[in-house]
Novice: 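Here it is, the structure in full.
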Amino acid sequence: MRKTTRFIAVAATAALAVAGMSACASSETGNQSITVWAMQGQTGEVNAAKQEVAAFNKAHPEIQVELTFVPDMGTALKTTAVDKLPDAFEFDGETLAALVYNGKLAKLNGLVSDATFANELPSIQAEGTYSDGNSYSVSQYDSGLSLWGNKSMLAAAGVDVPTSVDAAWTADEFTAALKKIAATTPGKKAITFKENYGIGGGWAGYAFSPIVNSAGQPLVKNGTAVGAMDAPEVVSAFQTFASWKKYSDPDADDSAFQTKRVALAWIGHWAAPAIKATVGADAVLIPLPNFGNGSKSGQGSHSWAIGAKSSKQKAAATFLEFITQDAWINNLTNQNGAVPATVSALAANADYAEGGLLALYAAQLSKSCGSADPTADCVTVPRTISPAWPVINTTFSQAVQKIWDGADAQAALTEAAKAIDQDAADNNGYKN
Amino acid sequence: MTTFGSLRKRVFKRRFGYDQIAGMLMSLPATLLLVLFVVIPFFTAFILSFYNAHLASTHTNFMGWENYRRILFDPETSGVFWQSLGNNFQFALIVVPLQTGLATALALLLNQKIKGIAFFRTFFFMPVVFPMSLVTVVWTLFFSRDLRGMFNSVLHTISGGSINPVDWLGTPGLALVSIAIMSIWAGAGFQMVIILAGLQEIPLELYEAASLDKANAFQKFRHVTLPGLRNTLVFVVIITTIFSLRLFDQVYILTSGGPLGSTSTVMFQAVTTAWTQDNIGKGSAMTVVFVLIIIALTVVQRLVLRQEKEIK
Amino acid sequence: MSIAPKGNRNPVKQFKLFLNYFFLAVITLIFFAPIAYLLIGSLKPQNEVLSGLGGFLPVHLGFGNYANVFNAFNSEATGYFYSFYINSIIVSCVIVIGGLIINSMIAYSLARLRWKGRNFILGFVVLLVILPFEAIAVPLYDLMNPYRNTLFAQYIPFVASAFSVFLFYSFFISLSSEIQEAARLDGAGPWRVFFQVIVPMSKPVFASVTILSFLSAWNSFLFPLMMVDSPDVRPLPLAMTVFFQQQQKDWGTIFAFGVLLILPVMIVFLAFQRYFIQSVASSAVKG
């Protein structure tokens, strides 16, 4: 058996060597193959990626893309050494700063044309820019976060529906609306907060950090979480949030809104195709409630980058330019319901025009707060662009989960803020 | 001519010399692999526990005993570890007696000469072959807190609608019990077969003698079965204790340690701190402390059991 | 009425027998319920799985969920479903077969041979039995990272197992030493004694170690999660978790995957269950 073991090991090494040699051979003839990792997301996204790659390989016979779908990209990028990264890869945009900090991403300035960057939504530009001022990613789509409402059910409950950011419900109005809806709904629940995603597992970092911003604070102010994340107005906002639990459907089958058990859903764009198919003309987008500093929302989604040590960065950039063309963006967003990430694609899409079903997403994203602290006038806030984000995200999300489960909001948020600050201190402020 | 005694001596001498080499050679492959893949990683964890270190990053700095201080003593950060350790013991206190008791009851039920025993035994043992990841997926739906969850649906039906849905995994105090119930379902069959084998080794004559003494069923159980099962039960209790202290998968998939940390365990904290939060140093320090605790417990357990033997 | 005594049978005994079967049936029902739920759910449409007791109703059954599973993994880029099977089989077989050889050898040398260092190694193995795998998962990942995305990295750390050694050791030490002594007096060396005398006598422990190590290898999850991104070497349980995360609670399809995951183990279990249970019991009880 030891022999077998060794045999397999030797065979594996030999196979790798052969693969390596054939890769070299092909680059000598002028043709290159580049490796590309895409996230193994929902079916529409997987199909779109396959279609893009097939089209690219046809259009660029000199560059052949070898596509692999990776299920847990966050882990894969975290654990793969920089010299073993693929030439180009898709990743969750929120991890950009951590990847740059650890030297894994190539600067795209100069590799990707200025015109491509200029056509990106401001929110996407902000998301792809590290604190050194350089761009490290391009995107095919941005995200939309808000409430979905079921018009008939809301009308039956006697609730008026605000559809523009300026008219958003205040937190108190929202509480009153939940109460009315629950009273007129058979299951006595009013809303799904998508608890099934796992609040403490990072969902809160995206979906419920707008509550912090709407209360008037960033998660981290001037590098410190204490005094921002646990400010009195934030604490009171989360006390209100926790009071909504009695109206919340646990949504273990991921379809409380689609099957009309509840009239509201606090959810991102990815549910749009399913909601269109089930709730149909009754569906309406509603801004998230206002906790004092204006309704706020999230932004940022999957992005694409080039490996810092890739020897085929030019070819990889050609691929990124190809997939961020409007035609391919539309092909993808038609399948996953996301917001097209370029100004031109968004403008051409009737869904996002005034009066369109998804117009609220475009309106929200047009007022990006960028990397600055959120003000009353801007709407979408990117997840903190800092190498500390993975820590901020998990720590904050766990605090929100605790509050949801009944913990004291002040204690939970202060504990989280202190942990975030301690981590920053341990890492010398994440200076390079 | 050699006497039998000197032949014996020579054989033994040869045997001893030979044993030294053969013993070392036979234990070499396993020892080598265990050192490489268990001991070295554990020492690495020990060293890492003194650093602020991350999986992905080369930014590493020495922190001395700071990780240990934060885990064990810092009033602001040590709460999680102690709570988790407490949960570990609470879980063991629920699972060890209940699972051992249930397994014993099942084994007694199966240790009868009636038709179809093999059939029932197959079903009792079946959950053991299921991977924990699959078990938890199924039980997620049993524990769902609305009426579409299995347990709530059953209670609702039985009570004619008078019992309100229970949030099995979302109520502090209940969540750990729910996980324990699931774990007992998944694991009892394993203990059961071990105890069943133990039962079958008890000589029948003892029961016959007890019958002659006009002992009733309970007296037979108390004075024949239990003493006869003693060694088996000790083994089962030790194994179950170790496994329940290691509790990880169920928590990782079902509750992520919540609600309010009431199902968090030390292994869960160690793995998520190191892996999810990417703080290998702190996660490693938790591991080291936990392994020391388990070693201490095992030593105590051994001493107690040895003492009992001596008393006997 | 149906439990009324028949013929000349003792009614008390008859009632006891009835009670026995009643309890056995109820407990069987409880133990089998989650499994039945899994089987039925895997054949039901998505929205009918999570519906309380209704989840047990065998209505609207079909194989659509199984088709979904196969369709989700049908290309080079996503990996093929059958290759997850092959990966799991290779990894499990190497761990089981390799483990049987080296773990039984060391256990024999510790239980039956007298050599210097034996007690040290024995203490070391006992210590490792209680060390949870999770405790070393991250440093082990670090050590094996150069081999990430290989099958090698998935089996080599698990071939040697302190728990298997412990099971073998407990069995060997309980074997009567007379036959071995006789064989050795006949001039047989420790290797011959081991392979020709001990191994044939120890079928139960080999069977139970095979079963237990196969189960843990087939079900391993945390380490592949850390070591494997490529679909080429992805094992089955990891593929299921991946699927679980992607499908966002399409329970029918997830259950179908679960059934496919457990199917080979179930077939082996049902075919050999008699030997299976006896061997686990007979080797463990010696400990």
Side-chain angles (χ1 to χ4, degrees), chain B residues 11 15-16 18-20 22-24 26-27 29-31 33-34 37-38 41-42 44-45 109 112 114 118 120-127 129-131 133-134 137-139 141 144 147-148 150 153-154 157 193-194 196-198 232 235 242 246 248 267 271 274-275 280 283 287 291 294 298, chain C residues 17 20 23-24 28 31-32 34-35 37-38 50-53 102-103 105-106 108-109 113-116 118 121 128 130-132 134-140 143 157 159-160 162 165 184-185 189-191 215 219 221 237 241 244 254 258 261-262 265 269 273-274 277 280-282 284-285 287:
Chain B
V11 167
R15 200 177 75 184
F16 267 89
Y18 210 40
D19 271 9
Q20 185 65 38
M24 283 166 62
M26 282 181 160
S27 60
T31 309
L33 289 179
L34 286 172
F37 297 118
V38 184
F42 184 69
T44 314
L109 210 49
Q112 306 181 80
I114 55 178
F120 293 113
R121 196 181 54 192
T122 305
F123 280 102
F124 293 1
F125 190 75
M126 204 179 270
V129 305
F130 277 69
S133 53
L134 183 55
V137 165
V138 175
W139 282 68
L141 304 195
S144 185
L147 269 180
R148 291 158 337 115
M150 186 57 66
S153 175
V154 169
T157 311
V193 289
I194 296 173
L196 189 56
T232 310
F235 174 78
I242 290 179
R246 284 179 172 189
F248 170 79
M267 240 36 267
V271 173
W275 189 252
I280 313 180
T287 304
V291 168
I294 293 194
T298 314
Chain C
L17 194 65
N20 262 324
F23 277 124
L24 284 167
T28 302
F31 269 85
F32 191 62
I35 299 170
Y37 187 64
L38 175 75
L50 178 63
S51 53
L53 279 167
I102 69 170
N103 295 325
M105 262 172 22
I106 187 176
Y108 172 71
S109 80
L113 301 181
R114 261 160 267 168
W115 50 286
K116 262 187 204 152
R118 185 185 75 154
I121 299 281
L128 295 191
I130 57 175
L131 190 74
E134 286 81 13
I136 55 157
V138 171
L140 183 62
L143 182 74
V159 173
V165 175
R184 300 204 66 168
L185 285 173
W191 294 90
L215 282 179
N219 299 340
F221 158 71
T241 317
F244 181 53
I254 293 163
L261 167 72
I262 196 70
V265 188
F269 168 66
Q273 57 99 3
R274 211 164 180 185
I277 291 172
V280 170
S282 65
V285 76

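Just so it is clear, the model here is predicted, and its values are computed rather than measured. Letters A, B, ... are given to chains in the order of the sequence lines, protein chains preceding strands, and every chain is numbered from 1.
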Novice: Which bit of B/V291 comes within less than 4.5 Å of chain C, counting heavy atoms only: side chain, backbone, both or neither?
Specialist: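 For B/V291, the contact with chain C is made by the side chain alone.
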
Novice: So, the side chain of C/W115 versus the backbone of C/S109: is there a donor-acceptor pair under 3.5 Å, distance only?
Specialist: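 Pair found, side chain donor or acceptor close to backbone of C/S109.
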
Novice: Heavy-atom pairs under 4.5 Å with chain B are the metric here; pick the option from C/L215, C/V165, C/I262 that has the most.
Specialist: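 Ranked by heavy-atom pairs under 4.5 Å with chain B, first place is C/I262.
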
Novice: Would the distance check show the side chain of C/T28 and the main-chain N or O of B/F120 forming a donor-acceptor pair, the cut-off being under 3.5 Å?
Specialist: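 No; zero donor-acceptor contacts below 3.5 Å.
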
Novice: Checking heavy atoms, do the side chain of C/L143, its backbone, both or neither come under 4.5 Å from chain B?
Specialist: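 Just the side chain, heavy atoms under 4.5 Å.
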
Novice: Could you have a look at C/F32, C/Y37, C/F221 and say which one has the most heavy-atom pairs with chain B under 4.5 angstrom?
Specialist: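 Ranked by heavy-atom pairs under 4.5 Å with chain B, first place is C/Y37.
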
Novice: Using side-chain contact (heavy atoms from CB on, under 4.5 Å) as the criterion, list what pairs up with B/A274, not counting sequence neighbours.
Specialist: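 side-chain contact (heavy atoms from CB on, under 4.5 Å) list for B/A274, sorted by chain: C/V138.
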
Novice: Taking side chain as everything from C-beta outward and backbone as N, CA, C, O, which of these in C/A137 sits under 4.5 Å from a heavy atom of chain B? Side chain, backbone, both or neither.
Specialist: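 No part of C/A137 comes within 4.5 Å of chain B.
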
Novice: Quick check on the 6.0 Å ring-centre criterion: do B/F123 and C/F31 meet it?
Specialist: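 No, ring centres 6.0 Å or more apart.
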
Novice: Which atoms of B/L141 come close to chain C, meaning under 4.5 Å heavy atom to heavy atom: side chain ones, backbone ones, both, or neither?
Specialist: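 Both backbone and side chain.
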
Novice: Taking B/S144, B/G283, B/A45, B/S27 one by one, which has the highest count of heavy-atom pairs under 4.5 Å against chain C?
Specialist: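 Greatest number of close heavy-atom pairs with chain C: B/S27.
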
Novice: The criterion is side-chain contact (heavy atoms from CB on, under 4.5 Å); which residues satisfy it with C/P157, sequence neighbours excluded?
Specialist: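 So C/P157 forms a side-chain contact (heavy atoms from CB on, under 4.5 Å) with B/F37, C/L140, C/M144, C/F223.
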
Novice: Go through the atoms of C/L261 and report whether side chain, backbone, both or neither lie under 4.5 Å from a heavy atom of chain B.
Specialist: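 Interface part for C/L261: side chain.
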
Novice: Hey, could you give me the CD1/CE distance between C/I35 and B/M126, rounded to the nearest 0.5 Å?
Specialist: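 Going from CD1 on C/I35 over to CE on B/M126, the span is 5.5 Å.
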
Novice: Do B/M26 and C/W191 pass the side chain to side chain contact (heavy atoms under 4.5 Å, CB included) test, and can you show the C-alpha distance, the side-chain angles, and the key distance before you say yes or no?
Specialist: CA-CA 9 Å; B/M26 282 181 160; C/W191 294 90; 3.7 Å; yes

Novice: Measure distances from B/M267 to the heavy atoms of chain C and classify the residue's part below 4.5 Å as side chain, backbone, both or neither.
Specialist: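 Only the side chain of B/M267 comes within 4.5 Å of chain C.
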
Novice: Select one option (side chain, backbone, both, neither) describing which atoms of B/V129 are under 4.5 Å from chain C's heavy atoms.
Specialist: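 Its backbone and side chain both get close to chain C.
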
Novice: If we ignore hydrogens and angles and just use 3.5 Å, is the side chain of C/R114 paired with the main-chain N or O of B/D19 as donor and acceptor?
Specialist: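 Checked: no pair found.
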
Novice: Looking at B/T31, B/V271, B/I114, which one has more heavy-atom pairs under 4.5 Å with chain C than the rest?
Specialist: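 Maximum pair count with chain C is reached by B/I114.
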
Novice: Does C/L131 offer a backbone N or O that forms a donor-acceptor pair with the side chain of B/R246 under 3.5 Å?
Specialist: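 Yes, because the side chain of B/R246 sits within donor-acceptor range (under 3.5 Å) of the backbone of C/L131.
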
Novice: Might you point out which heavy atoms bring C/I102 and B/P29 nearest each other, and give the distance in Å?
Specialist: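 For C/I102 and B/P29, the tightest heavy-atom pair comes out as CG2-CB, 3.7 Å.
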
Novice: What part of C/L50 is in contact with chain B, defined as an atom under 4.5 angstrom from a non-hydrogen atom: side chain, backbone, both or neither?
Specialist: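 Both parts, heavy atoms under 4.5 Å.
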
Novice: Under a 4.5 Å heavy-atom cutoff, which of C/L128, C/V265, C/I121 has the most pairs with chain B?
Specialist: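 Greatest number of close heavy-atom pairs with chain B: C/L128.
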
Novice: Looking at C/V159, is its backbone amide N or carbonyl O close enough to the side chain of C/N103 to form a donor-acceptor pair, meaning the two atoms are under 3.5 Å apart?
Specialist: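 Yes; judged by distance alone, with no hydrogens or angles, the pair exists.
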
Novice: Please rank B/T44, B/T157, B/L109 by heavy-atom pairs under 4.5 Å with chain C and give me the top one.
Specialist: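 Going by pairs under 4.5 Å, I would pick B/L109.
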
Novice: Heavy-atom distance under 4.5 Å to chain C: side chain of B/I242, backbone, both or neither?
Specialist: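 The answer is the side chain of B/I242.
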
Novice: Between C/L24 and chain B, with a heavy-atom cut-off of 4.5 Å, which part of the residue counts as in contact: side chain, backbone, both or neither?
Specialist: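 Both parts, backbone and side chain.
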
Novice: So what's closer than 4.5 Å to chain C heavy atoms on B/F248: side chain, backbone, both or neither?
Specialist: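 Contact with chain C is through the side chain of B/F248 alone.
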
